Amino acid sequence: MTSGHILSTATIDRLILPGELSVQEIEASYPARALPAGAEVMRTAPSPTGYLHIGTLYTALICKIVARQTGGIYALRMEDTDQKREVEGARELIMELLEDFDLMYDEGPVVGGDKGEYGPYTQSQRGNLYYAYVRRMLEQGHAYPCFMTPEELETMVAGQIQQKIRPGYYGQWAAWRDRPETEVIAALDAGKPFVIRFRSLGNGNKKRVVEDRIKGRKELPENDNNIVLIKRDGLPTYHLAHIVDDHLMHTTTVLRADEWFSSVTLHIQLAEAVGVAPFTYAHIAPIQKMDGSSRRKLSKRKDPEASASTYLQQGYPTVAVAEYLLLLANSNFEDWRVENPGKSYLDFPFRLEKMQKNSGALISLQKLDDISQNYLAKLAPGELLSQASEWAGRFDQALQITLQANPSYTEKVFNIERSGGQRKDITKFSELRGAYGFFFDDIYKQITDFDFGQIEKSDVAAIITAFLQTYNLNHTQEEWFENIKRLGSQLGFTPNTREYRQNPDAFKGSVAEVAMVLRVALTGRNRSPNLYDVMQVMGKERLTVRLSHFAST
RNA sequence: GGCCCCUUCGUCUAGUGGUCCAGGACGUCAGGUUCUCAUCCUGAAGAUCGCGGGUUCGACUCCCGCAGGGGUCACCA
């Protein structure tokens, strides 16, 4: 199976020091998992190079659901082998946000260590593992050192492109692939830095059939690139790390972004060369967005909607975000949701095979809003209060204090028109202040512009005075409304809105205007939930205090 | 540029040879109920299934070509 020159042990020792553990010993310490048949071991593997990308959330969600439904494991692995791109604090942020979105993993890095027996779950801590495998590859001739400088490489690739040859380190271009050992020793003696490359046996002109759980049976060209396994800085590349890690962690299905699809044949080859069983893959299309007239995948740098924390900040319930993502993944989730209103989305029978094969869906904030609205509308008042307070605690602390000052009052406020999920006026927690703030005296007090529209000031005072004299907390809604009609008509406002519409000059307005005056005075806004309910919740004292400011003296 | 993948209403999609002159959801528009808003109800517009060829009695569904879009060709993941 091997070809080319196999270096002597003495030379290999200068490349990679023999580790404490051999491959055999390592494998023995990562035994097969004791899981029920059919259990899936899934993992999500972000790089700590910035905020948590919505795509990472997406894969994490799928991993969690699949693992949960098959009685398997969902793990987090921190892929931090690119120290140049690493962003301070990113790993903690990723871990926190996954927890915020209720996507806590069964295994993975946690504050102060690791959770799980198949770690370490941070790649920068797994050096000895990678070295053991690479050493064995070296010994078997599946890998070799390359002393080409980055500048030489760049020149080579530029030349290939200019000659319209497929760029890469392969075939005649693989300069160090078959150098005699004496040259390797000479370069080592000269202290030249090096990388370790994969001695690919592939033929770029041949095809290979690959099976993908989402994309199905596809044909890809074999890989012939002698890709880098260990970088100059001693850290592994993604390719090597993926093979070693997923093998040792016993990942059953490698779920990753579509951009990896064309590397599948490379990874199959690598698995063979490393001496491990090939993996089952599932490649998921990236979430895209419209940019001018073309679409592109969500960019970390340009698009705020690519960041998971944006949704949290804006106050979308995490469940709504998860359900939106789930809908993108399996479109029949929508029907299931309607049929199973009480169940958790985690119970949705998810199928990887049902995921879309196309090149990626456009993100739709309108759809997210709709899902969020429906979710919030069905929330029990107590639950709404607890979620809203939690959000406010992080993003609007004054609001949190207001909401919690009198919890039973807040719950009554949230209970208005809530039976049956009728009040779909809130899309996210950040809208709470604007929509319901007026119920709370500290927020109401800040209102300065009471806009009564076309209604004369004297009429405003007259209506409010008359109302204050006749209001009775014990009125039913019918009695209450009759009262408003009556006092309105005594002041020149017809109880019949249609009549007013047909003959606007005969009246000052209709009962609608009368109610509007009361509404504006009480809430500072010209739109509110059912006024009767608003008054019932506010109670006589608060109502009297507020209305008295507008009454005639 | 080479290679790979994809292509159904504005958006997300259902659809695997006849049940589809294509169904649903979101969005949009119109009307109705209503004290405003939000609901709710009724209805409407919206895809010649990217285009062109085949195969077939019959194609959104199978085959070929083309076009468009996306991805990939790093000592980044």
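These values consider heavy atoms only, across backbone and side chains, with no hydrogens, waters or symmetry-generated copies. Letters go in sequence order (proteins before strands), and every chain restarts at 1. Model, not experiment: these values are computed from the prediction.
A:D335 places its CG atom 11 Å from the P atom of B:G15, with the value rounded to the nearest Å. As rounded to whole Å, 13 Å separates atom C1' of B:U36 from atom CG of A:D451. Rounded to an integer number of Å, the gap from OH of A:Y58 to P of B:C12 is 12 Å. Rounding to whole angstrom units, CG of residue A:D224 and P of B:G2 are separated by 17 Å. B:C6 atom C1' lies 16 Å from atom CD1 of A:I284, rounded to whole Å. Rounded to an integer number of Å, the gap from A:L327 CG to B:C12 P is 11 Å. Atom C1' of nucleotide B:U13 and atom CD1 of A:I214 are separated by 16 Å, given to the nearest angstrom. If you take NZ of A:K206 and P of B:C3, they are 19 Å apart, rounded to a whole angstrom.
When the P atom is used for both B:G65 and B:G43, the distance is 47 Å, rounded to whole Å. The same atom, P, is picked in B:C21 and in B:A59; the two are 12 Å apart, to the nearest Å. Between B:G15 and B:U56, the distance separating the two P atoms is 28 Å to the nearest Å. B:G24 and B:A14: their P atoms are spaced 15 Å apart (whole Å). Across the C1' atoms, B:G10 and B:C29 are found 14 Å apart, a figure rounded to whole Å. The gap from the C1' atom of B:A74 to that of B:G46 amounts to 46 Å, rounded to the nearest Å. If you take atom C1' in B:A47 and the same atom in B:G27, they sit 16 Å apart, rounded to whole Å. Here the separation of B:U48 from B:U11, taken at their P atoms, is 12 Å to the nearest Å.
Using a 4.0 Å cut-off between a side-chain N of Lys or Arg and a carboxylate O of Asp or Glu, A:R77 and A:E79 qualify as a salt bridge. Under a 4.0 Å N-O distance rule, the pair A:E219/A:K206 does not qualify as a salt bridge. Electrostatic pairing of A:E259 and A:K297 counts as a salt bridge here, judged by a charged N lying under 4.0 Å from a carboxylate O. The existence of a salt bridge linking A:E456 and A:K508 is excluded, since no basic side-chain nitrogen approaches an acidic carboxylate oxygen closer than 4.0 Å. Between A:E334 and A:R337 there is no salt bridge, since no side-chain nitrogen of the basic residue lies less than 4.0 Å from a carboxylate oxygen of the acidic one. The residues A:K424 and A:D370 are annotated as not salt-bridged, no charged nitrogen and carboxylate oxygen being separated by less than 4.0 angstrom. Between A:D533 and A:K412, no side-chain nitrogen of the basic residue sits less than 4.0 Å from a carboxylate oxygen of the acidic one, so the salt-bridge criterion is not met.
For B:U13, one of the phosphate oxygens OP1 or OP2 lies less than 4.0 angstrom from a side-chain nitrogen or oxygen of A:N358. One finds a side-chain N or O of A:K218 lying less than 4.0 angstrom from the OP1 or OP2 phosphate oxygen of B:C6. Side-chain nitrogen and oxygen atoms of A:Q356 include none within less than 4.0 Å of the OP1 or OP2 phosphate oxygen of B:C12.
Mapping A:Y324 and A:P221 onto RNA chain B by nearest heavy atom places A:P221 at the nucleotide closer to the 5' end. Projected onto RNA chain B by closest heavy-atom contact, A:Q366 and A:D425 fall at different nucleotides, the more 5' of which corresponds to A:Q366.
No engagement by A:K289 is indicated, since no non-hydrogen atom pair under 4.0 Å with the nucleic acid exists. Contact annotation for A:K164: no contact, since no heavy-atom pair falls under 4.0 Å across all strands.
With a 3.5 Å ceiling on both atom-pair distances, B:U48 lacks any Watson-Crick or G-U wobble partner. Nucleotide B:U72 forms a pair with B:G2, judged by Watson-Crick or G-U wobble geometry with both contacts under 3.5 Å. Applying the Watson-Crick and G-U wobble criteria (two distances, each under 3.5 Å), B:C62 pairs with B:G54. Summarising the base pairing, B:G31 is matched to B:C41 through a Watson-Crick or G-U wobble pair whose two defining distances lie under 3.5 Å. The pairing partner recorded for B:C26 is B:G10, the criterion being a Watson-Crick or G-U wobble arrangement whose two distances lie under 3.5 angstrom.
In this structure, A:R197 satisfies the cation-pi test against A:Y169, with its NZ or CZ atom closer than 6.0 Å to the six-membered ring centre and inside 45 degrees of the ring normal.
Side chain of A:S372 to main chain of A:T427: a donor-acceptor pair is present (N/O by atom type, distance under 3.5 Å, no hydrogens or angles).
You'll find that the side chain of A:E417 is closest to B:C37, out of B:C37, B:U39, B:A25.
Under the 30°/60° scheme for interplanar angles, the aromatic rings of A:W260 and A:H267 are found to be tilted.
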Any chance you could lay out the side-chain hydrogen bond (donor to acceptor under 3.5 Å, both in side chains) test for A:D369 and A:Y316, step after step, and finish with the verdict? CA-CA 8 Å; A:D369 282 352; A:Y316 284 100; 2.6 Å; yes
Please encode protein proximity along nucleotides 70-77 of chain B as a string of B, S and -, counting only heavy-atom distances under 4.0 Å. SSSS-BBB
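For the side-chain contact (heavy atoms from CB on, under 4.5 Å) criterion with A:H283, the lone passing option out of A:K357, A:M355, A:K215 is A:K215.
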Would you tabulate the nitrogen or oxygen pairs shorter than 3.5 Å linking the protein to nucleotides 33-35 of chain B?
unit_1, atom_1, unit_2, atom_2, d
B:U33, OP1, A:R498, NH2, 2.8
B:C35, O2, A:R519, NH2, 2.7
B:C35, N4, A:Q477, NE2, 2.9
B:C35, N4, A:N530, OD1, 2.7
B:C35, N4, A:N530, ND2, 3.2

